[in-house]
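A short write-up of the structure that comes next.
Here the structure is a predicted model, which means the values were calculated and not measured.
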Amino acid sequence: MDAGVVPDVVRVAHDCGVPLYPISTGRNWGYGSALPVRDDCMIVDLSGMRRIVHFDAEMGVVTLEPGVTQGMLADFLTQRGHPFLVPVTGAGPTCSLLGNALERGYGVTPHADHFSAVTDIEAVLADGTVYRTTLREVAGEELARLFKWGIGPYATGLFTQSGFGIVTRMSIVLAPRPESVKVCLFSLRDDSLLEPAVARIRSILGNLPGTVGAINLMNRHRVLSMSAPFPRDRLGTDGLIPEAVIEEMGKQYQVQAWTGFTTLYGTKRVVAAAQKDIRQALAGVASRVLFLNSASARTLARIAGAIPGTPGRRLASTAGTLTKSLELVNGHPNETALPLAYWRHPELHEPGRSRHPAQDGCGLLWYAPLVPMRPADARTYVEMVRRTTKQHGIEPLITFTTLNDRLFDSTVPLLFDRTDPRASASGLACYHALVQAGHSQGWFPYRIGIDALEKLLPVSTDPSSLPARLKKGLDPEGILSPGRYL
């Protein structure tokens with residue numbers, strides 16, 4: 001579909017009273033993928049709109065359409081030798097950049113908050129008219145691409161997590177490729193070290209802004225789901241992996257109670273100085289603090305190749321994962337995180353074919369609440385997740401990801417057998433139970449799947465609320481994305 005056709009499509013739908021549900025590439029794994037919030041909609045598939053409309057090679061600002069994926073932008077930058085990082089996520093190279101930014105998604109490169117890097121958009125409203133930012137209209141495209149806030153009331157944010165319009169192009173500021181990129185890995189030997197680690201993480205982020213990227217803290221369950229086969233023949237009577245088995249697998253794969261992962265970006269001197277500060281900050285709490293770059297990962301792979309038997313194979317697997325992770329933090333999208341969706345059912349993926357969790361039938365829901373970065377909050381949250389997931393037969397795979405030095409976005413993937421109606425019902429029930437239990441403690445998701453939007457956001461149906469009034473004014477017939485956050 002060409003961008004010029006979208007206004008006509010919207011006008012016809014408006015005249016006929018047919019609701020439209022736009023998707024970029026439809027690969028919003030675990031949140032609904034390409035499905036609409038409500039039935040009786042026409043899906044507007046924008047994945048064919050794949051133009052990189054403009055690229056400012058000096059300033060590093062790219063303007064692109066909804067169908068441009070992480071992989072496409074990576075190829076564009078590589079082929080032309082432009083030294084900028086793609087704002088990657090773990091969702092894979094076939095996912096839309098525009099769609100993720102509109103969901104206010106997060107990634108692993110320096111511009112971790114993807115919508116924060118968006119400067120300008122163009123969108124088609126419910127009556128078929130085209131919205132352009134005021135600064136673009138009065139001053140031209142260059143200034144609009146370079147200045148996020150524009151002039152006058154800031155309206156661009158209204159098009160995120162909403163159905164106010166169909167966004168057909170977006171300008172994004174890319175982070176320049178730094179001189180040095182290193183990953184930092186550290187471990188917590190015991191679960192009781194979680195609270196002091198949270199305090200140290202706050203200190204690191206407060207002291208090293210701009211150099212240290214988002215810090216991920218993953219429990220043993222979560223790391224094993226990405227590095228070890230699912231022990232199907234060792235499950236307990238409740239269908240879950242017994243704690244003794246998790247501990248045994250942890251020893252086997254050298255995975256401790258918690259694993260930390262972050263990236264350092266900057267000049268070689270700045271990164272070297274930051275390493276010293278991080279070691280000092282984690283002293284007495286973390287063990288096995290390692291700093292690796294791409295060359296280190298290649299050396300580890302060569303060492304693994306020289307070690308015979310099972311130890312060599314395990315080390316080779318670890319080296320491969322590190323290599324893929326380093327590619328990701330260097331702005332090269334890959335599928336290193338996608339096998340998580342297949343952990344319980346690896347047979348769903350055919351070797352040699354790109355992973356597509358939705359088409360392959362993976363059972364996956366994401367619980368992604370915002371949790372204040374306080375040690376006591378982190379502990380209470382972890383206990384709540386462990387207790388609630390166990391009640392529903394779901395493995396407690398927990399990650400804390402720092403959004404700043406005040407707040408975590410935790411992600412808990414709920415994995416289940418989608419071919420089993422009872423397992424699917426348990427997965428959904430677990431999600432709602434987590435939201436309810438978390439809400440009672442003051443935590444709430446920053447992003448919600450399609451099957452929970454209307455249940456979890458009843459305030460949006462209040463006709464006196466500002467979002468509802470804006471929606472009524474812009475889309476009185478409810479043509480665009482009915483039920484989507486409104």
Side-chain angles (χ1 to χ4, degrees), residues 1-11 13 20-28 43-57 59-77 80 82 84 86-87 89 94-105 107 111 113-151 154-174 474-475 480-481 484:
M1 181 184 293
D2 183 87
V5 176
V6 178
D8 294 330
V9 170
V10 173
R11 277 190 287 267
L20 301 176
Y21 194 86
I23 60 171
S24 297
T25 57
R27 302 189 176 208
N28 194 20
I43 292 179
V44 181
D45 185 349
L46 306 175
S47 62
M49 295 171 57
R50 300 174 179 174
R51 286 193 308 147
I52 293 178
V53 178
H54 181 270
F55 180 68
D56 187 328
M59 301 295 187
V61 183
V62 63
T63 301
L64 43 75
E65 293 183 329
V68 177
T69 66
Q70 297 176 35
M72 291 176 190
L73 181 57
D75 290 343
F76 174 87
L77 296 174
R80 290 161 178 78
H82 298 306
F84 295 95
V86 176
T89 68
T94 62
C95 296
S96 167
L97 292 154
L98 181 148
N100 182 261
L102 291 180
E103 275 292 296
R104 301 204 285 266
H111 295 169
D113 179 345
H114 290 165
F115 184 69
S116 71
V118 173
T119 54
D120 192 57
I121 70 163
E122 182 173 295
V124 178
L125 304 181
D127 61 358
T129 58
V130 177
Y131 165 81
R132 299 181 181 89
T133 58
T134 302
L135 188 61
R136 181 177 164 193
E137 294 279 25
V138 301
E141 293 197 15
E142 182 176 39
L143 286 183
R145 286 193 295 262
L146 296 178
F147 186 53
K148 179 181 181 72
W149 303 111
I151 189 168
Y154 181 71
T156 301
L158 292 173
F159 295 92
T160 67
Q161 292 191 357
S162 74
F164 286 125
I166 299 179
V167 179
T168 54
R169 61 187 278 189
M170 174 180 286
S171 296
I172 303 172
V173 178
L174 304 179
L474 291 171
D475 186 10
L480 298 182
S481 303
R484 182 170 174 75

- request: Report the residue from Leu102, Val62, Asp120, Leu97 that forms a side-chain contact (heavy atoms from CB on, under 4.5 Å) with Met170.
  value: Leu102
task: Quick one: list whatever passes side-chain contact (heavy atoms from CB on, under 4.5 Å) with Val53, sequence neighbours left out.
output: Arg51, Thr63, Glu65, Arg169
- request: For Asp475, check side-chain contact (heavy atoms from CB on, under 4.5 Å) against everything at least two apart and list the hits.
  value: Ala126, Lys471, Ile479, Leu480
field: Heavy-atom closest pair, residues Leu146 and Thr119
entry: C-CG2, 4.5 Å
message: Distance check, rounded to the nearest 0.5 Å: Asp45 atom CG versus Ile23 atom CD1?
response: 4.0 Å
message: Checking Glu141 against His54 for the side-chain contact (heavy atoms from CB on, under 4.5 Å) test, could you report, in this order, the C-alpha distance in whole Å, the side-chain angles of both residues, the deciding distance, and whether it holds?
response: CA-CA 10 Å; Glu141 293 197 15; His54 181 270; 5.8 Å; no
message: In terms of relative ring orientation, are Phe55 and His82 parallel, tilted or perpendicular, with 30° and 60° separating the classes?
response: tilted
Leu125 vs Phe159, side-chain contact (heavy atoms from CB on, under 4.5 Å): CA-CA, chis, key distance, verdict: CA-CA 10 Å; Leu125 304 181; Phe159 295 92; 3.9 Å; yes
- prompt: Quick check, are the ring centers of Phe164 and Tyr131 under 6.0 angstrom apart?
  reply: no
message: Within the supplied structure, the quantity of interest is the number of heavy atoms (other residues, nucleotides, ligands) at a distance under 6.0 Å from Glu142 CD; does it exceed 12?
response: no
- prompt: For Leu174 and Leu73, what are the C-alpha separation, side-chain angles and deciding distance, and is it a side-chain contact (heavy atoms from CB on, under 4.5 Å)?
  reply: CA-CA 11 Å; Leu174 304 179; Leu73 181 57; 4.2 Å; yes
- line: d(Asp2 CG, Thr168 OG1) to nearest 0.5 Å is 10.0 Å
query: Just wondering, more than 12 heavy atoms not from Ile151 lying within 6.0 Å of its CD1?
result: no
query: Step by step, would you call Ile166 with Leu46 a side-chain contact (heavy atoms from CB on, under 4.5 Å)?
result: CA-CA 10 Å; Ile166 299 179; Leu46 306 175; 3.7 Å; yes
task: Report yes or no: is the cationic atom of Lys148 (NZ for Lys, CZ for Arg) closer than 6.0 Å to the six-membered ring centre of Tyr154, at no more than 45° off its axis?
output: no
Spacing of OG1 belonging to Thr133 relative to CZ belonging to Phe147, to within rounding of 0.5 Å: 11.0 Å
